[in-house]
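First comes the structure, then the notes that go with it.
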Amino acid sequence: MAGHTHRQLAVLRAAAAGHVEMTCSREPHLYVDGLACCDPTLGHQLAGLLVPEPAAPRGPGLRVPAVLTAAGQAALAPSAAA
């Protein structure tokens, strides 16, 4: 998937490595290694590429691990860089 910024790709790589959490909300907030992401719109930009991993209990605002969707995995695929 072409057209992603370096920041978006860095967050996707971090999520693939298990370093990203996101809130369970309509306007997700991202946390990398426990620290709030400095770009508040990044969660919205990546909403289709990251999903909160199901966790119990799952409630509004709960921080849970972020996992890549198939589209997120495709964005990181070597062929996507070409």
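What you see is a predicted model; the values in this text were computed from it and never measured.
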Quiz prompt | Qualifying residues under side chain to side chain contact (heavy atoms under 4.5 Å, CB included), relative to A16, sequence neighbours excluded | solution = L68, L76
Self-check item: A66 versus L50, closest heavy-atom pair with distance
Solution: CB-CD2, 4.4 Å
Quiz prompt | For the student: nearest non-hydrogen atoms of A71 and G48, plus distance | solution = CB-O, 4.3 Å
Quiz prompt | Separation between SG of C24 and CG of L62, rounded to the nearest 0.5 Å | solution = 5.0 Å
Practice problem: Give the C-alpha distance, both sets of side-chain angles, the deciding distance and a yes or no for side-chain contact (heavy atoms from CB on, under 4.5 Å) between Q8 and L49. | Solution: CA-CA 10 Å; Q8 291 169 335; L49 304 178; over 6 Å; no
Quiz prompt | All pairs passing side chain to side chain donor-acceptor pair (under 3.5 Å) where residues 61-74 contributes a residue, at least two apart | solution = E21-R63
Quiz prompt | Counterpart residues, side chain to side chain donor-acceptor pair (under 3.5 Å), relative to H19 (two or more places apart) | solution = D33
Quiz item: Taking C-beta and beyond as the side chain, do P28 and H44 meet within less than 4.5 Å on heavy atoms?
Solution: yes
Quiz prompt | Exercise: identify the closest heavy-atom pair between L12 and A75 | solution = CD1-CB, 4.0 Å
Quiz prompt | Which residues share a salt bridge (Lys or Arg N to Asp or Glu O under 4.0 Å) with R7, sequence neighbours left out | solution = D39
Practice problem: Group every Ile, Leu, Val, Met, Phe, Trp and Tyr by side-chain heavy-atom contacts under 4.5 Å, then state whether V67 and Y31 land in the same group. | Solution: no
Quiz item: At what distance, to the nearest 0.5 angstrom, does CG of L46 lie from OG1 of T41?
Solution: 9.0 Å
Practice problem: Over all heavy atoms of both residues, which pair between V20 and A15 is shortest? Give the atoms and the distance, please. | Solution: CG2-N, 3.4 Å
Practice problem: Heavy atoms only: give me the nearest M22-V51 pair and the separation to one decimal. | Solution: SD-C, 3.6 Å
